[in-house]
Amino acid sequence: MYLALLVIFLQCSELYAQTNVFTFNKVEIRVQPSVKVKNGAPMSIICHADISKNTDFQLKHNFTFLKDGKLVFMTVSDKEDARYEIPVARSADTGEYECMVQTGGKKGFSNPIDVWVAGMTKPILTANKKEVSEGEAVKLRCELPEEVPPLEFVFRKIKTNSAAKEKRVPEKNQNFSEVEFHVEEGDNILQFDCYGKRQVRSGSERSQYSNSTLVAVKEPFIKPKLITRPSSSNVTEGDQIEFECSTEVADMRGIEIIFQKNRTILNSVRDKKSLKYSTVATQEDSGEYLCKVEQGAVSKTTKLNVFVSELFPKPTLSASMTKLDENKDLKLRCSINGFQRANFSIVRKSPSGDILLKNSRELTIKVNVNDTGNYTCKAEVKGIVKESKRVRINVYAPVSKPVLSVASGSPEVVLGKPLQLICHSAMGTPPITFTFYKGDEIMKNVTNDTYATFLDEDTGLNDNGGYKCDARNNHSSGVKTSNIVNITVIVPIRDASFGSFPFGEVEIGSDTAFLCSVEEGSWPIDFKFFKKTDHEVLLHQVREYSNRTIWHKRTMKRKDTGTYYCVASNRASVDVKSRPITISVILAAWQKGVIAAFVLTAMAGAGAVALWWFLRKKKKAKGPSMEMSGSALAPNLTNEKLTRQPSDGNFYSGSGYIEDNENHMKSTDESKGPDLESAEVDYTEVEVSSLDPHRAPEQKGTETVYSEIRKTNNDSMENRHSRIYGHPDAT
């Protein structure tokens, strides 16, 4: 039963849900009366939702109006239409509008629509003063009371017969703006107005002009007057000219009159209505003069051009010569074209002032080098003095014979290195022209005061003819030539080689010859021989006028074993090091022989003593009867012992020789010392005849005995250190 009720409930719920079905067909937005509305007119923005339903049921519609993406109005309605009313449209209402409708969890959006409110409200302009004085300021306020920022305000100052001056002020946060205008010289009755602007999507919107405001201007003083006596158009050099500058002022406090020509102030007064300035007119006084009256921030000026006629032209100075040798005559003459009555004087210019030479129109002097300088002449008429252009006179002393020298002080240069030469003349009036020669070829011309330098960057072995230089100036004596300087070109050392004889191994006590040579290099060459140890040891040095040298080192010793090399250098100051070689000092051949002889003698002596001791011990053990019985030689004798045979006295052991050998070895050992270890020892077989105890004495047999034989290094000699004497029949 409960299950049946649950099924019925679910079915009813599903049927109920299916009854409230709706969908948005579209959402529309429109403007009344039109999308373009005149400023101040009413405007309505209407949003309509077109919705389809499965049945007739009511929906709550949430309408949202947006302008330029920002919320401007919201409302809720059962109807499918909503209105956003703007009773008075302003330019701020211009923009892009759209609406959104939300109901039953669904949303619908309209397409955007552009609305343009044409025109702006008329701005209101006010001024803080109706009457001002020159130099003061007028403060203006322009307001758009019904407009919304951001806005731009434009203020205008209008003068009669001149273009209006504008000031633009942007305002981001308020619908009014204030600005100040300064009243300038010449401002009389001023008119001000303003207008507003705003940026809209389609461009900019501009208001009409505001009301006009009139401001009267008062003058604190009138524009100054500037006059001359005589008239500015009738002034001649020598005339006394007087300038007068005056004004009319209401209040004398702070008044100042300034009189100037170009930028130079000639005179000024304070708290007075006029100024005077006089001078004797000259041609330099021609030009524009200015009278300026200032009081506070107000300044008024008057300009006047004055032309001064020439009384007489400038004089001309002529010279017989402008360049001449010392002790020559110089003639100077001063003249004025078309004018003879004047007082003339000839002067020489100097840093300390003019030097008067003669009050005359002509001057003749015998010159020296100190007379070099600038000369002018002066002419005076009616107190007017005029000066001629300067004439440069150069007096020359002859150059002395130049001296050519090497800048480094040494007449040598390394091959390929630059060579700097200096040419100097101790006497002579500058400028002096120096010419450098390499052989007969001109290398360089230099004009200087007393010396010149030349850098030859291409020195070679084939440079011939030496160097010289010439010196000359404007003196008539001509050119002076230096002595020839010959330069030695130093060839640097290249490729040092090193060797020895004998090479590699050297016997103790012998001499060794070391050879050091170079591939090329200028003589003399310094050769140095070194042995390389923990530090460099200089063994020998020599200076040779040759590309090679030999150094003989006498009596080589064991401590001379090591690494050797040589270093070569010359005046090029470049050390060239050879490759090193290794020398080993070894024992001499005779030293090896002495060591071998000592070793063999010692071994032979030890063998003889051992044999004597053995025979004596055996004799004591067997008694005298055993001496005649005889016995055979022991088959297992060592290589250094012989068994004594009982005989009738025909066998000799050779012990006496061993003693001699021992003495000889001792003397050898004392003379040679520890070098015995290096001796070489060989062994050889020797046949020895012996007596057979069971047969007649004439029967012969053989035994093998080893004897030490010392070999020399070249195997050319053998020295036996023991002798074996056999049977008397043995030969």
Review item, side-chain donor-acceptor pairs of residues 490-504, under 3.5 Å, at least two apart:
{"residue": "R494", "atom": "NE", "partner": "E520", "partner atom": "OE2", "Å": "3.1"}
{"residue": "S500", "atom": "OG", "partner": "P502", "partner atom": "O", "Å": "3.2"}

Hydrogens and angles aside, do [X] and [Y] bring a side-chain donor and acceptor to less than 3.5 Å of each other?
{"X": "T481", "Y": "D470", "answer": "yes"}
{"X": "E412", "Y": "T488", "answer": "no"}
{"X": "S476", "Y": "D325", "answer": "yes"}
{"X": "D285", "Y": "T282", "answer": "yes"}
{"X": "T435", "Y": "N445", "answer": "yes"}
{"X": "K378", "Y": "N343", "answer": "no"}
{"X": "N305", "Y": "Y289", "answer": "no"}

Would you call [X]-[Y] a salt bridge at under 4.0 Å N-O?
{"X": "K349", "Y": "D354", "answer": "yes"}
{"X": "K328", "Y": "E326", "answer": "no"}
{"X": "K165", "Y": "E184", "answer": "yes"}
{"X": "E288", "Y": "K261", "answer": "no"}
{"X": "K553", "Y": "D511", "answer": "no"}

- Do K386 and F312 meet the cation-pi criteria used here (NZ or CZ under 6.0 Å from the six-membered ring centre, within 45° of the axis)? yes
- Task: Give a yes/no verdict on a cation-pi contact between K292 and F259, requiring under 6.0 Å between NZ or CZ and the six-membered ring centre and an angle within 45° of the axis.
- Result: no
- Message: On a heavy-atom basis, which atom in V308 and which in E237 lie closest, and how many Å separate them?
- Response: CG1-N, 3.6 Å
Quick check: does any side chain N or O of [X] sit under 3.5 Å from a backbone N or O of [Y], one acting as donor and the other as acceptor?
{"X": "S400", "Y": "S425", "answer": "no"}
{"X": "S350", "Y": "G353", "answer": "yes"}
{"X": "S345", "Y": "N359", "answer": "no"}
{"X": "N570", "Y": "I525", "answer": "no"}

- Please report the C-alpha distance between R392 and T372 in whole Å, then the side-chain angles of each, then the deciding distance to 0.1 Å, and finally whether the side-chain contact (heavy atoms from CB on, under 4.5 Å) criterion is met. CA-CA 8 Å; R392 178 72 181 181; T372 295; 3.5 Å; yes
- Item | Worked verdict on K157 versus E166 for salt bridge (charged side-chain N to carboxylate O under 4.0 Å, His left out) | CA-CA 6 Å; K157 175 186 175 183; E166 292 186 349; over 6 Å; no
- Query: Centres of the F529 and Y564 rings: under 6.0 Å?
  - Reply: no
- Message: Taking the ring centre of each residue, are F514 and W551 less than 6.0 Å apart?
- Response: yes
- Sequence neighbours excluded, every pair satisfying ring-ring contact (aromatic ring centres under 6.0 Å, His included) that has a member inside residues 396-437: F436-F454
